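Scroll down for the structure; my scribbles are underneath it.
If you're wondering where the values come from, they're calculated on a predicted model, not measured in any experiment. Throughout, protein chains are lettered first and strands after them, A, B, ... in sequence-line order, and every chain is numbered starting at 1.
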Protein chains: 2
Amino acid sequence: MSLVDESAQSDRVRDALTAAHLYYMQDLTMDAIAHELHTSRSSVSRLLSHARATGLVDIQIRSPLDAPSRLELLIQERFNITAHVVPVPDHATDVDRLERVALSVARILGQFFDSNMVMGIAWGSTMNAISRHVTPKQTHNSQIIQLNGAGNHRTTGLSYASEILGRFGYAFGAHVHQFPVPAFFDSPATKQALWRERSVLRLLEMQARMDVALFGLGSPFSEVPSHVYAGGYLEEGDYASLSRASVVGDVATVFYRADGSTDGILLNARGTGPGFEVLRQTPRRLCVVSGQAKLPSLRGALKAELITDLFVDESTARALVASI
Amino acid sequence: MSLVDESAQSDRVRDALTAAHLYYMQDLTMDAIAHELHTSRSSVSRLLSHARATGLVDIQIRSPLDAPSRLELLIQERFNITAHVVPVPDHATDVDRLERVALSVARILGQFFDSNMVMGIAWGSTMNAISRHVTPKQTHNSQIIQLNGAGNHRTTGLSYASEILGRFGYAFGAHVHQFPVPAFFDSPATKQALWRERSVLRLLEMQARMDVALFGLGSPFSEVPSHVYAGGYLEEGDYASLSRASVVGDVATVFYRADGSTDGILLNARGTGPGFEVLRQTPRRLCVVSGQAKLPSLRGALKAELITDLFVDESTARALVASI
DNA sequence: CCCCTCCTTGCACGTTTGTTCACTCGGCTT
DNA sequence: AAGCCGAGTGAACAAACGTGCAAGGAGGGG
């Protein structure tokens, strides 16, 4: 980028800031702003879009604390976590549902992440959807780390996962640390060997002291399988083994049962995600769920105490509390 | 308010919250929201207005830190305070100017005030303008206290000042503590006597430990005199005395000279505002200035180190840094 | 030096939003 | 019991807004 571009850039930012001020603080119309800024109304409209898209304008919704929705209260009481229920009409399709929850999360994420923090991020269709909408927020000295490997026997998986991570990193101005290993090793021994490599150890150490974790849930046996299950990461035998072990879901390729337990699930010895004892040390663990298909998986994750903040669509939330 | 009204109220708030979510987080159109909420588009428009007006939706503008305006930087460097420059076109009238600065301050004030805080507030045309626009924000156990008396020889001044204070108190859900004394006593002895009353002492103690002070500036000898000077609070002789003492302005009826000094200004023995040594103990001291007429007054207040955060219109800001 | 490309601009149009007005529906009074 | 009052509603209109498009301009490469 040339010097000229740079100063044009900062001009643009300054104009956007001024426009935002005039629009959101002083309630001028875009017309009036256009006049003050000596440009056209359309340009002001675009400036304001830009200001919103780049996080110069930050719009938050704050419940008066005494009025979180009934559902949020119920979930809070029953599971001792903070719930953020996303209103989605009951007749919405699962795709809509995911998209709308993801959009909401993307907008609110900045409230959980700040300078000098480390955020761990999984990958999958939910994370992908979120990543495409994250509202930027400038931070310093913050890190985004990949929670689990993404390669399979066909590709190194780098592009998909790294695109996702990259978008988060870009939005927050954070360093991105990829985890260049397969999602599942073919043999536990290989994993153990790699887990002694210094480059991997460095990453594991960062995981151990991260401030925020962001993840969706996998649900291997629902009709709408998650990315891991559709993408060729697992084979027939693996499925059978998961089924035998009564697995109901996974978080970052670590599988668990309905009661939240993980002991004796063979596949976990080959998976690359952080063990739950590591995850549970993380102060804030944001879980994003949409669609009732993930309900069993969600129940298990709650049992395992993996979640501190749950983002969930309204009807799934209702189902969660309905079914004692 | 009846029980029915109350629940209708909370229904309204819940709807407003949902609408705000759908509009600001999920980018639906009002039409779509109307459909989901089973109401008309107009109602949604009103719901959203309501949500904004009551602070359910909070819109902030955050400079990327590396790009505060040139003016803000200059002021910061030269006076060691935080400046918030409000963009106002140069050809605006002084009334416009005041109104627009006040609106901006009203919108941003919530960022400086929170639960369990004590905020001291002066009164005058600036405060009046701000009070008519404050965006509500619910707080608990917070207090608003009046910085100086408001009576004159004709009225007790309670209604004017208490309307102002009342609006702030209502917006923040804060207790309001009025200061039922005249702006200036006729004799210093009366002031000293009252200053030993327990009710007054209680107020002075609160002033001494307030967290935020909010005030405008008076400028006795400019063409556009402030409320105190127009309202019959002072008499001919007082003016002469101020003039002899080279007074350039006042903060909450405490007068000062261009160099920030107050010693030997007789009127201060009869005024009721907090002494500067008290004010300077307050962690955040927000000063709102609009119009170049107040420039000398502003310079004096800066010399006296009364200000930690300055809100000022663009052209006055420019004049402030231009003139060295 | 010219041309090509990419980015930005303002206009024109269609869409979205704010607001006025007439109306309805409880609650309270006479 | 009738009637009045105020709050809230949707329809209709007017204002404000977003966006596709063609034109213009700056930068880089041939």
Q. Any side-chain donor-acceptor pair under 3.5 Å between A/Tyr24 and A/Arg52?
A. yes
Q | Sequence-distant partners of B/Thr29, side-chain contact (heavy atoms from CB on, under 4.5 Å), two or more places apart | A | B/Asp31, B/Ala32
Q. Sequence neighbours excluded, which residues qualify as side chain to side chain donor-acceptor pair (under 3.5 Å) partners of A/Arg97?
A. A/Asp313, A/Ser315
Q) Where do A/Gln76 and A/Thr82 come nearest, in terms of heavy atoms and distance? A) OE1-CA, 4.3 Å
Q. Mind checking what makes side chain to side chain donor-acceptor pair (under 3.5 Å) contact with B/Asp27, not counting sequence neighbours?
A. A/Arg107
Q) Of all residues at least two apart in sequence or in a different chain, which pass the side-chain contact (heavy atoms from CB on, under 4.5 Å) check with B/Phe112? A) B/His84, B/Ile108, B/Arg284, B/Leu286, B/Asp309, B/Phe311
Output one line per pair: protein atom, nucleotide atom from nucleotides 5-7 of chain C, and distance, for all N/O pairs under 3.5 Å.
none

Q) Does a side chain donor of either B/Gln143 or B/His177 reach within less than 3.5 Å of an acceptor in the other side chain? A) yes
Q.
Measure CG/A/Leu47 against C1'/C/dT8 and give the value in whole Å, please.
A. 11 Å
**Q.** Lys/Arg-Asp/Glu bridge criterion (N-O < 4.0 Å) met for A/Arg100, B/Glu36
**A.** yes
Q: Please state how far atom NE2 in B/His50 lies from atom P in C/dT19, giving the value in whole angstrom units.
A: 16 Å
(Q) I'd like to compare against my own output: the B/S/- annotation of nucleotides 10-25 of chain D with a strict under-4.0 Å heavy-atom distance to protein. (A) BBB---SBBBB-----
